[in-house]
Amino acid sequence: MKRVDATEKAISLLQQLKEKHGELMLYQAGGCCEGTQPQCFRKGEFYLRYKDVCIGEIDGIEFWVDKDLFEYWKHAHFELDVIDAIGAGGFSLEVPLGKTFKVNYRLFTPAETSQLENIKINV
């Protein structure tokens, strides 16, 4: 069972950003300066922190979350979506296009929880 998926709109925008910028990564922080919306960067241009968690991939793009955010949301499925707006993440690659990524959450069922894909932890 995947921990993260994306809407068609989000996948389309990611493909557009990949064509323009090359390999990408997604990161969702736990709040404060970065807000809590996912941000898109060129792969390697955002430095992961110790024990940040990769919850899966969307169209070959790793989706990383802050370790504390993961602890809070580890029982939830993330669905990446996109809206027409400029969010708090001003450094995210979709911002110049007047778009912002957002996540829709839902809790896993007990059956899904027993079948979750493994996570990757940054060390």
Side-chain angles (χ1 to χ4, degrees):
M1 174 76 202
K2 293 175 74 171
R3 293 176 179 271
V4 63
D5 272 310
T7 64
E8 298 268 334
K9 282 175 55 174
I11 291 171
S12 177
L13 180 56
L14 287 170
Q15 289 171 345
Q16 182 182 351
L17 293 172
K18 272 201 287 193
E19 287 174 15
K20 183 173 183 178
H21 300 287
E23 287 190 76
L24 303 174
M25 65 181 290
L26 292 159
Y27 186 81
Q28 187 166 347
C32 188
C33 303
E34 303 98 346
T36 54
Q37 67 194 77
Q39 296 185 61
C40 183
F41 301 99
R42 288 182 187 96
K43 189 170 185 169
E45 289 192 354
F46 180 86
Y47 295 103
L48 297 170
R49 293 176 291 183
Y50 180 66
K51 293 199 174 180
D52 280 346
V53 178
C54 179
I55 60 171
E57 293 185 4
I58 298 169
D59 199 33
I61 300 167
E62 292 181 332
F63 191 114
W64 289 86
V65 296
D66 171 87
K67 64 182 169 100
D68 296 324
L69 183 70
F70 177 73
E71 274 305 307
Y72 187 78
W73 285 105
K74 66 184 173 186
H75 301 292
H77 179 266
F78 287 51
E79 180 191 52
L80 185 70
D81 200 358
V82 63
I83 57 173
D84 293 325
I86 297 179
F91 296 108
S92 194
L93 294 174
E94 79 282 0
V95 169
L97 303 174
K99 309 282 185 192
T100 192
F101 287 112
K102 67 174 240 151
V103 171
N104 302 312
Y105 303 96
R106 71 166 178 81
L107 293 179
F108 290 117
T109 66
E112 290 172 328
T113 300
S114 69
Q115 300 173 9
L116 288 174
E117 288 183 340
N118 291 330
I119 58 170
K120 179 167 61 172
I121 299 175
N122 187 51
V123 289

Next on the checklist: With rounding to the nearest 0.5 angstrom, report the CG to NZ distance, L24 to K18.
Outcome noted: 7.0 Å
Checklist entry - Is it true that the side chains of K120 and N118 contain a donor and an acceptor less than 3.5 Å apart? => result no
Checklist entry - Taking all atoms of both residues into account, what is the closest heavy-atom pair of V103 and P38, and its distance? => result CG2-CG, 3.6 Å
Next on the checklist: Within the 4.5 Å heavy-atom criterion, are M25 and L48 side-chain neighbours or not?
Outcome noted: yes
Checklist outcome for this item: Nearest heavy-atom approach of C40 to F101 is CB-CE1, 3.8 Å
Next on the checklist: Would you compute the distance between atom CG of L80 and atom CD of Q37 and round it to the nearest 0.5 angstrom?
Outcome noted: 11.0 Å
Checklist entry - Does the T100 side chain pair with the main chain of I83, one donor and one acceptor, at a distance under 3.5 Å? => result no
Item to check | Geometric class of the W73/F78 ring pair [parallel <30°, tilted 30-60°, perpendicular >60°] | outcome: perpendicular
Checklist entry - Residues two or more places apart in sequence or in another chain: which of them pass side-chain contact (heavy atoms from CB on, under 4.5 Å) with K99? => result L13, V82, D84, E94, L97
Checklist outcome for this item: Taken to the nearest 0.5 Å, the spacing of I86 CD1 from S92 OG works out to 11.5 Å
Next on the checklist: Nearest 0.5 angstrom please: I61 CD1 to L14 CG, how far?
Outcome noted: 4.0 Å
Next on the checklist: For a 4.5 angstrom cut-off between non-hydrogen side-chain atoms, does K102 reach N104?
Outcome noted: yes
Item to check | Ion pair check, D66 and R49, cut-off under 4.0 Å | outcome: yes
Next on the checklist: Take a 6.0 Å sphere around NZ of K51 and say whether it holds more than 12 heavy atoms from other residues, nucleotides or ligands.
Outcome noted: no
Item to check | Verify same cluster id: M1, L107 (apolar side-chain graph, 4.5 Å) | outcome: no
Next on the checklist: So which atom in F91 and which in F41 form the shortest heavy-atom distance, rounded to 0.1 Å?
Outcome noted: O-CE2, 4.1 Å
Checklist entry - Do the side chains of Y47 and Y50 join up, straight or via other hydrophobic residues, at under 4.5 Å, putting them in one cluster? => result no
Item to check | Polar side-chain atom of D52 near backbone of K67 as donor-acceptor pair, under 3.5 Å | outcome: yes
Checklist entry - Can any side-chain N or O of R3 pair as donor or acceptor with the backbone N or O of L116 at less than 3.5 Å? => result no
Next on the checklist: Surrounding CD of Q15 (heavy atoms of other residues, nucleotides or ligands, distance under 6.0 Å), is the total greater than 12?
Outcome noted: yes
Next on the checklist: Quick one, Q28 and F63 - any side-chain contact, counting heavy atoms below 4.5 Å?
Outcome noted: yes
Item to check | Closest contact, heavy atoms only, D5 versus K2 | outcome: OD1-NZ, 3.4 Å
Checklist entry - Do the ring planes of F108 and H77 sit parallel (below 30°), tilted (30 to 60°) or perpendicular (above 60°)? => result perpendicular
Item to check | Minimal non-hydrogen separation, A6 against I11, with atom names | outcome: CB-CG1, 3.8 Å
Checklist entry - Can you tell me how far the CG atom of L17 sits from the CG atom of D59, to the nearest 0.5 Å? => result 11.5 Å
Item to check | Listed partners of F70 passing ring pair (Phe, Tyr, Trp, His ring centres under 6.0 Å), at least two apart | outcome: none
Checklist entry - What's the verdict on side chain to side chain contact (heavy atoms under 4.5 Å, CB included) for R106 and E112, showing C-alpha distance, side-chain angles and the deciding distance? => result CA-CA 12 Å; R106 71 166 178 81; E112 290 172 328; 3.0 Å; yes
Item to check | Distance, nearest 0.5 Å, that separates CG of L26 from CH2 of W64 | outcome: 12.0 Å
